[in-house]
Student: 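Pasting a structure below so you can have a look.
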Protein chains: 2
Amino acid sequence: MTDNKTQPRRPAPARGRPPKSAKGPDLRQKILDAAEGLFARHSFYGVTTRQVAFEAGVDVALIHYYFGAKSGLFDAVFLRRAEILNKVRLDSLDAYEKTHAGAVTVEGAIQAFINPLLDISLTGGAGWKSYFALVAQVNNTPAWGGETMTRFFDPVVQRLIAVLRKALPHARDEDLFWGYQFLTGSMMLAVSETGRIDLLSKGLCHASDIAAVKERLSAYCAAGLLTVVERHTPSLPA
Amino acid sequence: MTDNKTQPRRPAPARGRPPKSAKGPDLRQKILDAAEGLFARHSFYGVTTRQVAFEAGVDVALIHYYFGAKSGLFDAVFLRRAEILNKVRLDSLDAYEKTHAGAVTVEGAIQAFINPLLDISLTGGAGWKSYFALVAQVNNTPAWGGETMTRFFDPVVQRLIAVLRKALPHARDEDLFWGYQFLTGSMMLAVSETGRIDLLSKGLCHASDIAAVKERLSAYCAAGLLTVVERHTPSLPA
DNA sequence: GTCTATAACTGGATAGAC
DNA sequence: GTCTATCCAGTTATAGAC
């Protein structure tokens, strides 16, 4: 978001977590949870602060107290899990590179990038599922999607590209970037669980079946990337 | 859309095109054009009917006269090009099957499905670009995206699946459906041109470069699908 | 920190003149 | 068909009491 025309006018009373009072339910988190679910389903403009307040069991004014303008709430929702997700994925890529030094494969690198996300979707609960749906939505928003995705997630992606370069030293960068673009499109649509595949397959497949995605997605992307790269470097050494 | 709680109350005075008066600019189309661009960039709730009216150079009341409620306008935008697109793609798949009877390949089928869309994006102008961005956005909307995509585009997709079955007679349907799911995620993100790849690649690649997509996407998806299918049917005949 | 009350405004929609 | 004028429900946001 970072909507330039609606800055929070309050002096941002609570940066980070609520200063004192480790009070039970932690209303700040409840607001974020409610907002996350609603934004994921109905987009930024499709949700009112009142709905968020109602869903969180909280007064409307409290939202402004904690987050300033509505766009501040959105940013907070987006940032909260981005930090966790980035750390998990960077660690995964680091670990893969360390344990496979000199024997880095395309599929291995892609798995190290994709699987942490799918594992979180499998075990992280409803909050994470909403979050992924939200990211998928932002990913496909021309107005500010490209910029937001870049701002929050670029470091991990650059890290993935770097590992892929080791696996494919003769690949052209254009092919790696386009390959990543295709990958992220598939991955984000899969974790946003829109239910389309249920309808399309007449109940044979389920969008919520992330295990089925995990079984297939990295093989799919790895084979695709390899083919694209090979078309441009016909005689692959090694 | 098909928002159940806000039905157009007017008796839908103009179904199809404005009855008489083949008057120059055709305001109905101008409204649709304006709405298409705005919805694509800012989503349904992010656009007001007043904005649409302003952009179209038309009075707000006229929008309600032609389309009833706001959701009616959205549906009209979505439907207008869906009909054209479906026809083009069905024809393309038919033509491919006829000219390659008995020698249907995965990549050929996928090209027959993807390329008409990419060609339209390449030559169809700004309206079509907006339309694809809009479809991409709907595709990733959990609330009604799955249902809407199914309603408008299922026949073509089922047709693609049928052709793929001929190319891969031993493939399991689950793999074909998941393969399609991955394909549509990549394709729709590519044609929504969010500009992310420009930032990510620091200017090396351009989201608007649909020719680059066309060079790579069908090879990518075909290789991916083939790999997924093969993993489950190790000894491929033919 | 939390809630009440309300200001200030924007939104969709329509009646009725032309 | 198109525009003027307007209704009014619902929105963000805040001031100020507790």
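Just so we're on the same page: letters track the sequence lines, and every chain starts at 1.
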Student: Using atom CG of A/Leu62 as one end and atom P of D/dT14 as the other, report the distance to the nearest whole Å.
Tutor: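 One finds 15 Å between P of D/dT14 and CG of A/Leu62, rounded.
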Student: Could you tell me how far apart A/Phe54 (CZ) and C/dC3 (C1') are, to the nearest whole angstrom?
Tutor: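 The distance from CZ of A/Phe54 to C1' of C/dC3 comes to 17 Å, rounded to the nearest Å.
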Student: With a 4.0 Å limit, can you tell me whether B/Tyr45 has a side-chain N or O closer than that to the phosphate oxygens OP1/OP2 of C/dG11?
Tutor: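 B/Tyr45 to C/dG11 OP1/OP2: no side-chain N or O under 4.0 Å.
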Student: Please set out all donor-acceptor pairs under 3.5 angstrom arising from side-chain atoms of residues 210-217 of chain A, sequence neighbours excluded.
Tutor:
unit_1, atom_1, unit_2, atom_2, d
A/Lys214, NZ, A/Asp119, OD1, 2.6
A/Arg216, NE, B/Asp175, OD1, 2.7
A/Arg216, NH1, A/Ala212, O, 3.1
A/Arg216, NH2, B/Asp175, OD1, 3.0

Student: With DNA chain D as reference, determine whether A/Asp59 or A/Thr48 sits nearer its 5' end, using the nearest nucleotide of each.
Tutor: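 Residue closer to the 5' terminus by nearest nucleotide: A/Thr48.
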Student: It should be established whether A/His64 places a side-chain nitrogen or oxygen under 4.0 Å from OP1 or OP2 of nucleotide D/dT14.
Tutor: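 So the side-chain polar atoms of A/His64 never come under 4.0 Å of the phosphate oxygens OP1 or OP2 of D/dT14.
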Student: Pairs in or reaching into residues 134-143 of chain B: which pass side-chain hydrogen bond (donor to acceptor under 3.5 Å, both in side chains), with residues at least two apart or in two chains?
Tutor: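 Counting only pairs at least two positions apart or across chains, no side-chain hydrogen bond (donor to acceptor under 3.5 Å, both in side chains) contact touches residues 134-143 of chain B.
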Student: What nucleic acid atoms does A/Val47 come within less than 4.0 Å of, heavy atoms only: base, sugar-phosphate, or nothing?
Tutor: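 If one applies the 4.0 Å heavy-atom cut-off, A/Val47 turns out to touch the sugar-phosphate alone, with no base involved.
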Student: Counting only side-chain heavy atoms from C-beta out, which of C/dA13, C/dT4, C/dA15 sits nearest to A/Ala61?
Tutor: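 Looking only at side-chain atoms, A/Ala61 lies closest to C/dT4.
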Student: Could you state the atom-to-atom distance from CD1 of B/Ile63 to C1' of D/dT4 in whole Å?
Tutor: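 Rounded to the whole Å, the gap is 16 Å.
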Student: How many Å lie between CD1 on B/Ile31 and P on D/dT2, as a whole number?
Tutor: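 Taking CD1 of B/Ile31 and P of D/dT2, I get 8 Å after rounding.
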Student: Rounded to whole angstrom units, what separation is found between the CZ atom of B/Phe74 and the P atom of C/dG12?
Tutor: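 These atoms are roughly 14 Å apart.
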Student: May I ask you to check whether A/Trp144 and A/Phe74 place their ring centers less than 6.0 Å from one another?
Tutor: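 Between A/Trp144 and A/Phe74, the centre distance is under 6.0 Å.
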Student: Nearest-Å distance, CZ (B/Arg50) to P (D/dT11)?
Tutor: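 So the CZ-P distance, B/Arg50 to D/dT11, works out to 16 Å.
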Student: OH of B/Tyr65 versus P of C/dA13: gap in Å, rounded?
Tutor: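 Rounding to the nearest Å, OH of B/Tyr65 and P of C/dA13 are 17 Å apart.
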Student: Give the rounded distance in Å between these two atoms: NZ of A/Lys70 and C1' of D/dT11.
Tutor: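 Checked: the NZ to C1' distance equals 9 Å.
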Student: Quick one: are A/Arg28 and A/Phe67 in side-chain contact, heavy atoms under 4.5 Å?
Tutor: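 A/Arg28 vs A/Phe67: side chains touch.
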